[in-house]
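Contents: one structure, followed by commentary.
Treat the numbers as computed from the prediction; the structure is a model and nothing was measured. In what follows, every heavy atom counts, from backbone to side chain, and hydrogens, waters and symmetry copies are set aside.
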Amino acid sequence: MGHTVVSIATFGVWTAMPFVAARHPGSRWFRSSSRVAGVASLVALAVAGLTTQVGSRHKGLAQRAFLGTVFAWQAASTVEGLTREPSAA
């Protein structure tokens with residue numbers, strides 16, 4: 001039960017982060033890629049939840065697709081942070 005609650009909270013935060021970043025100041029490419037990553041992670045999360053609920057043999061693949069969207073956005077966020085001018089940080 002505890003694992004489930006923590007997982008749901010974590011996945012919710014991971015899904016929300018790109019949407020939050022898309023609304024804050026930043027480069028155009030980062031805000032655009034954040035919106036795309038947010039939509040992709042939301043879709044992947046829904047598919048992962050559905051495949052887990054119905055016991056699909058593809059649930060692991062769907063969960064990894066979700067994590068792929070999260071990690072891709074984190075990489076983009078790192079690049080954005082490294083390329084920002086020091087005064088903009």
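- In this structure, V36 shares a hydrophobic cluster with no other residue, the cluster being traced through Ile, Leu, Val, Met, Phe, Trp and Tyr side chains under 4.5 angstrom apart.
- Hydrophobic cluster membership for W14: F11, V13, M17, W29, F30, L45, F66, L67, V70, F71, W73, V79 (Ile, Leu, Val, Met, Phe, Trp, Tyr linked by side-chain heavy atoms under 4.5 Å, directly or transitively).
- Considering only residues two or more places apart in sequence or on other chains, R28 meets the side chain to side chain contact (heavy atoms under 4.5 Å, CB included) condition with R31, S32.
- Remark: A40 pairs with T69 by the side chain to side chain contact (heavy atoms under 4.5 Å, CB included) rule, at least two apart or across chains.
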Acceptor/donor pairs from residues 54-65 side chains to any protein atom, 3.5 angstrom cut, sequence neighbours excluded:
unit_1	atom_1	unit_2	atom_2	d
S56	OG	H58	N	3.0
Q63	NE2	T52	OG1	3.2
R64	NH1	G60	O	3.0

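- Contact record, S27 with E80: OG-OE1, 2.7 Å, taken as the closest heavy-atom pair.
- The side-chain hydrogen bond (donor to acceptor under 3.5 Å, both in side chains) check on T4 picks up nothing, with sequence neighbours excluded.
- Contact detail for S33 and A76: the closest heavy-atom pair is OG-CB, 4.4 Å.
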